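Notes to accompany the following structure.
In what follows, chains are A, B, ... by sequence order, proteins preceding strands, each numbered from 1. On a predicted model such as this, the values are computed, not experimentally measured, just so you know.
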There are 2 protein chains.
Amino acid sequence: MPAFRDFLTRHKALILYGVFLALLLLLLRWLELRLLVFNHSTEMYIGAIAILFTALGIWLAMKLTRPKEKTIIVEVEKEVYVPKAEFVFNEAEFEKRGLSRRELEVLELMAAGFSNQEIGARLFISLSTVKTHSSNLFEKLDVKRRTQAIERGKKLGLIP
Amino acid sequence: MPAFRDFLTRHKALILYGVFLALLLLLLRWLELRLLVFNHSTEMYIGAIAILFTALGIWLAMKLTRPKEKTIIVEVEKEVYVPKAEFVFNEAEFEKRGLSRRELEVLELMAAGFSNQEIGARLFISLSTVKTHSSNLFEKLDVKRRTQAIERGKKLGLIP
DNA sequence: TTTGGGGTCATACTTTCGGCTGATTTTGGG
DNA sequence: CCCAAAATCAGCCGAAAGTATGACCCCAAA
C-alpha cells in the first residue's frame, strides 16, 4: 500500500496526462455519435487539439524536468605581495660577531615578538638567563635595545 | 535585415512549431480528400495526434526555458613573490586597519630601532604623544609590544 | 691542573615602556 | 559654522627591559 502511494506521488503528472487523454477520447466518441463535428471544420478541430496537447506537453515538461541550476564559479585573482622567502643565513657575519648559538636563538624569538619571560619559557630557561644572553647579544651587535638588535640582525642576515 | 535575422534566431523553436503544424494540416486535408482516414479508427488517429503534439510541447518547453544560472565569485589569493628590496606599501591593509599617518610614522621609526624619546625628537613631538600614538597603533595591529608591532607591520606590508 | 668559552641563575637597581585617565588644539569635510 | 577625527600633551603607576655584579657548572685544550 505505501509502495503504491509512492508510485502515485512520483508519477502524478503522467497519470494526469493519461486520464486527460482518456476523457478527451470519450468526449470525442460522444461527439462522433452526434455527428456534429465532421460537418464543419476539420482543420480547426485538429488544430485546437494540437495546440491543446502542445500546452499539455509544455506543462508536462515543466513537471518532469527540474530546471537544473547551473552554477558558474568565477575565480577572481587577488594579488598578495609576499616577500621572497629566500633567507640565506649569513654564517660569515655570525662567526665575525662571535655570537653564540643561544644568543642567536634569543634574537630570533625577540624578532618574533616574544617578551623575555616568553622567550625563557620557550627555551626552558629563566628570565635571568634570557637577560644575560640578551645583554651579551646587544654588546656583540653594538646596540642598546632589542629593536635595534632586530633591525641590525635582519640587515646582517642573521635572522630572516 | 539584421533585425529580422535576429528575430529568426531568437524565435527559432516557435517558427519551427508553426511550420510543422501547417504541414500537418495540409497533410490532413489531403487525406480527407482521399476519404481514407474516417473509415477506420478515429480514436487511434486523434490519440496519435495528441501524443505527437505533446512530444512537440515537451521539446518546445526544453527550448524555451533556460536553466537558471547562478554565479559564485571566489577570490583566490595569488601570491606574488617580490624581491625583498622591492618594498610595496600595502595601501589596502593600511586602510583596513585604519591606521593614521602619524601612527605609521611612529611604527617606521620604531622598526628603525629608535626609543620613544628619540622618535619624539625626530617628529618634533613630546614623549607623551609618542606613547599615545604607540598605544593606538598597538590596538589597531592587535599587539602588546613594539617588537610584535614591528613583526606584524612587516608581515602586512606596512613597513619595509 | 689550569684556563677559557659557553650556559645557567640570582639579586639589586635603573631606565624605558605601556596602560590609563583626562584635557586641549588642530584639521578637514559637510 | 559645526562636528568628528586626528593630533597633541600631561600625570601617575606598574610592567618590562636593560645594567651591573657575582656565583656555579661543564667541557675541551693546553
Side-chain angles (χ1 to χ4, degrees), chain A residues 89-156 158-159, chain B residues 89-156 158-159:
Chain A
F89 179 66
N90 194 340
E91 187 77 47
E93 200 64 41
F94 177 69
E95 301 286 352
K96 182 182 167 189
R97 297 276 169 168
L99 261 64
S100 74
R101 279 266 136 211
R102 211 61 167 160
E103 279 153 13
L104 182 63
E105 282 171 359
V106 167
L107 178 62
E108 282 165 353
L109 291 172
M110 232 180 236
F114 294 108
S115 69
N116 284 340
Q117 191 73 258
E118 288 165 345
I119 291 170
R122 273 164 177 72
L123 299 178
F124 303 103
I125 52 176
S126 77
L127 175 61
S128 255
T129 306
V130 173
K131 286 183 178 183
T132 302
H133 291 315
S134 184
S135 195
N136 294 335
L137 177 68
F138 292 172
E139 203 174 301
K140 289 172 185 179
L141 289 183
D142 191 30
V143 296
K144 291 194 181 83
R145 66 189 71 94
R146 64 204 306 118
T147 49
Q148 284 180 332
I150 293 165
E151 202 255 348
R152 180 72 52 93
K154 283 179 188 290
K155 273 227 171 70
L156 297 177
L158 300 174
I159 49 176
Chain B
F89 179 65
N90 193 342
E91 188 77 44
E93 202 63 44
F94 177 69
E95 302 285 353
K96 182 180 167 189
R97 297 276 169 169
L99 292 188
S100 74
R101 279 266 137 212
R102 211 62 164 159
E103 280 156 12
L104 183 63
E105 284 171 358
V106 167
L107 179 61
E108 284 165 353
L109 292 173
M110 232 181 235
F114 296 110
S115 69
N116 284 342
Q117 190 73 256
E118 289 166 345
I119 290 168
R122 271 160 179 74
L123 298 179
F124 304 102
I125 53 178
S126 77
L127 174 61
S128 251
T129 305
V130 173
K131 284 183 179 181
T132 301
H133 290 314
S134 185
S135 196
N136 293 334
L137 177 69
F138 291 172
E139 204 174 301
K140 288 171 185 179
L141 290 183
D142 191 29
V143 296
K144 290 196 183 84
R145 64 186 73 93
R146 61 208 302 120
T147 51
Q148 283 180 334
I150 293 165
E151 201 255 347
R152 179 71 53 90
K154 282 179 187 292
K155 273 227 169 72
L156 296 176
L158 299 174
I159 49 177

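- In the model, Thr129(B) has no side-chain atom that pairs as donor or acceptor with a side-chain atom of Thr132(B) under 3.5 Å.
- You won't find any donor-acceptor pair under 3.5 Å spanning the side chain of Ser115(B) and the base of dC17(C), going by distance alone.
- Applying the 4.0 Å criterion to OP1 and OP2 of dA17(D), one finds that Arg145(A) has every side-chain N and O outside that range.
- Atom pair Lys131(A):NZ and dT16(C):C1' shows a separation of 12 Å (rounding to whole Å applied).
- Atom CG of Leu127(B) is separated from atom P of dC17(C) by 8 Å (rounded to the nearest Å).
- Rounded to an integer number of Å, the gap from CG of Asn136(A) to C1' of dT21(D) is 13 Å.
- Separating the CG atom of Leu99(A) from the P atom of dG5(C) is a distance of 15 Å, rounded to the nearest angstrom.
- OP1 or OP2 of dA10(C) sits under 4.0 Å from a side-chain N or O of Ser126(A).
- Within the nucleic acid shown, Ser100(A) comes within 4.0 Å of sugar-phosphate atoms alone, with no base atom in reach, counting heavy atoms only.
- DNA chain D is contacted by both Thr132(B) and Gly98(B); Gly98(B) maps to the nucleotide lying nearer its 5′ end (nearest heavy atom per residue).
- Listed for the Gln148(A) side chain is a donor-acceptor partner under 3.5 Å among the backbone atoms of Lys144(A).
- For the OP1/OP2 pair of dT8(D) and a distance below 4.0 Å, the side-chain nitrogens and oxygens of Arg102(B) include at least one atom meeting the criterion.
- If you measure from atom NZ of Lys144(A) to atom C1' of dT14(C), you get 16 Å, rounded to the nearest angstrom.
- In terms of heavy atoms, Ile150(A) sits closest to Ile159(A) at O-CD1, 3.8 Å.
- Within 4.0 Å (heavy atoms only), Ser128(B) reaches at least one base atom of the nucleic acid.
- Rounding to the nearest 0.5 angstrom, the gap separating the CZ atom in Arg145(B) from the CE atom in Met110(B) is 13.0 Å.
- Looking at heavy-atom distances under 4.0 Å, Thr129(B) makes contact with a base.
- Across the protein-nucleic acid pair, Glu139(B) atom CD and dT21(C) atom P stand 12 Å apart, rounded to whole Å.
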